[in-house]
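Below: the structure, in structure tokens.
Chain naming here is simple, since letters A, B, ... match the order of the sequence lines and numbering starts at 1 in each.
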Amino acid sequence: MDEPTDSFRQRVFQIIAAIPAGSITTYGEVALLAGSPRAARQVGGILSRLPEGTALPWHRVLNRHGGISLPGEGFRRQKAALEAEGIEINDQGTVSLERYRWQW
DNA sequence: CTCTTGACGAAAC
DNA sequence: TGTTTCGCCAAGA
């Protein structure tokens with residue numbers, strides 16, 4: 001009966017979809033809320049395979065230091081998406097967790 | 001079943 | 001202090 005009708009991946013989708021514009025969270029936090037406190041790495045793996053036109057606000061997920069984990073072009077795209085929501089982000093791709101961290 | 005893969009994170013160096 | 005190594009675990013092959 002308690003079949004995993006919703007996989008870890010699906011729970012991650014729902015959690016990220018609930019992050020309001022102008023706020024951010026971390027991979028570890030998403031993993032925790034999804035029920036696997038040490039599966040932060042899996043969250044990143046899931047986001048890496050999102051289709052291009054996805055409606056999921058994947059750009060609101062940052063690493064433990066409030067920084068962008070993507071290299072090159074991905075870095076630029078995520079930084080621009082965050083700035084478009086009014087989030088201040090420096091050239092290193094880091095935001096203030098204290099200011100923007102989201103909790104339910 | 002085993003083995004591999006990582007948009008992570010914390011601990012060692 | 002910055003850099004490297006190691007542990008973690010969902011998913012797919």
Side-chain angles (χ1 to χ4, degrees):
Chain A
M1 217 285 238
D2 21 299
E3 196 41 43
T5 52
D6 60 327
S7 61
F8 178 78
R9 193 182 73 174
Q10 289 175 314
R11 291 199 295 280
V12 167
F13 283 144
Q14 278 206 293
I15 292 164
I16 295 178
I19 305 172
S23 293
I24 62 90
T25 190
T26 64
Y27 295 100
E29 182 70 13
V30 173
L32 176 66
L33 296 174
S36 291
R38 272 143 314 228
R41 202 168 188 178
Q42 277 56 250
V43 175
I46 289 166
L47 296 187
S48 73
R49 301 168 25 161
L50 287 174
E52 273 190 47
T54 183
L56 202 70
W58 57 271
H59 55 277
R60 298 180 190 144
V61 185
L62 302 171
N63 65 30
R64 193 60 187 129
H65 307 292
I68 293 176
S69 293
L70 287 172
E73 192 153 357
F75 177 98
R76 264 171 264 135
R77 290 232 304 334
Q78 183 164 18
K79 183 169 180 290
L82 291 172
E83 290 177 327
E85 298 186 347
I87 294 176
E88 285 183 34
I89 178 167
N90 64 25
D91 293 330
Q92 295 175 19
T94 304
V95 311
S96 168
L97 282 174
E98 295 296 307
R99 283 180 58 186
Y100 301 109
R101 200 200 237 291
W102 165 74
Q103 322 250 146
W104 301 84

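In this structure, the CD atom of A:Glu52 is 16 Å from the C1' atom of B:dA7, given to the nearest Å. B:dA10 atom P lies 12 Å from atom CG of A:Leu32, rounded to whole Å. For the pair A:Arg64 CZ and B:dG9 C1', the computed distance is 9 Å after rounding to whole Å. Rounding to whole angstrom units, CG of residue A:Asn63 and P of B:dC8 are separated by 7 Å. Going from atom OH of A:Tyr27 over to atom P of B:dA10 covers 15 Å, rounded to whole Å.
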Once pairs are restricted to Watson-Crick or G-U wobble with both distances under 3.5 Å, how does DNA chain B read as a dot-bracket string, [ ] for crossings and | for other-strand pairs? .|||||.||||||

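To the nearest 0.5 Å, atom OG1 of residue A:Thr25 and atom CG of residue A:Leu33 are 6.5 Å apart.
Proximity of residues 69-77 of chain A to DNA chain B (heavy atom under 4.0 angstrom from any strand atom) is restricted to A:Ser69, A:Leu70.
The only member of A:Arg77, A:Lys79, A:Glu85 that meets side chain to side chain donor-acceptor pair (under 3.5 Å) when paired with A:His59 is A:Glu85. Here the options are A:Val43, A:Ile46, A:Leu47, A:Ile19, the test is side-chain contact (heavy atoms from CB on, under 4.5 Å), and the partner is A:Trp58; only A:Leu47 passes.
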Between A:Thr26 and A:Arg101, does the side chain to side chain contact (heavy atoms under 4.5 Å, CB included) criterion hold? Intermediate values first, please. CA-CA 8 Å; A:Thr26 64; A:Arg101 200 200 237 291; 3.9 Å; yes

Side chain to side chain contact (heavy atoms under 4.5 Å, CB included) between A:Leu97 and A:Ile24, worked out: CA-CA 8 Å; A:Leu97 282 174; A:Ile24 62 90; 3.5 Å; yes

Can you check side chain to side chain contact (heavy atoms under 4.5 Å, CB included) on A:Arg60 and A:Ile16, steps first, answer last? CA-CA 8 Å; A:Arg60 298 180 190 144; A:Ile16 295 178; 5.9 Å; no

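The C1' atoms of C:dA13 and B:dA7 are separated by 22 Å, rounded to the nearest whole Å.
Within the 3.5 Å criterion, the main-chain N or O of A:Arg11 finds no donor-acceptor partner in the side chain of A:Gln14. Remark: the backbone N or O of A:Val61 is paired with a side-chain donor or acceptor of A:Gln78 at under 3.5 angstrom.
Counted within 6.0 Å of CD on A:Gln103, heavy atoms from surrounding residues, nucleotides or ligands total more than 12; the atom is thus considered enclosed.
Both A:Leu62 and A:Phe75 belong to a single network of hydrophobic side chains, linked directly or stepwise wherever heavy atoms of I, L, V, M, F, W or Y lie under 4.5 Å apart. By the rule that hydrophobic residues join a cluster once side-chain heavy atoms approach within less than 4.5 Å of another member, A:Leu32 and A:Phe8 end up as members of separate clusters.
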Once base and sugar-phosphate atoms are separated, protein heavy atoms under 4.0 Å mark nucleotides 8-13 of chain C, 5' to 3', with B, S and - as BBSSS-

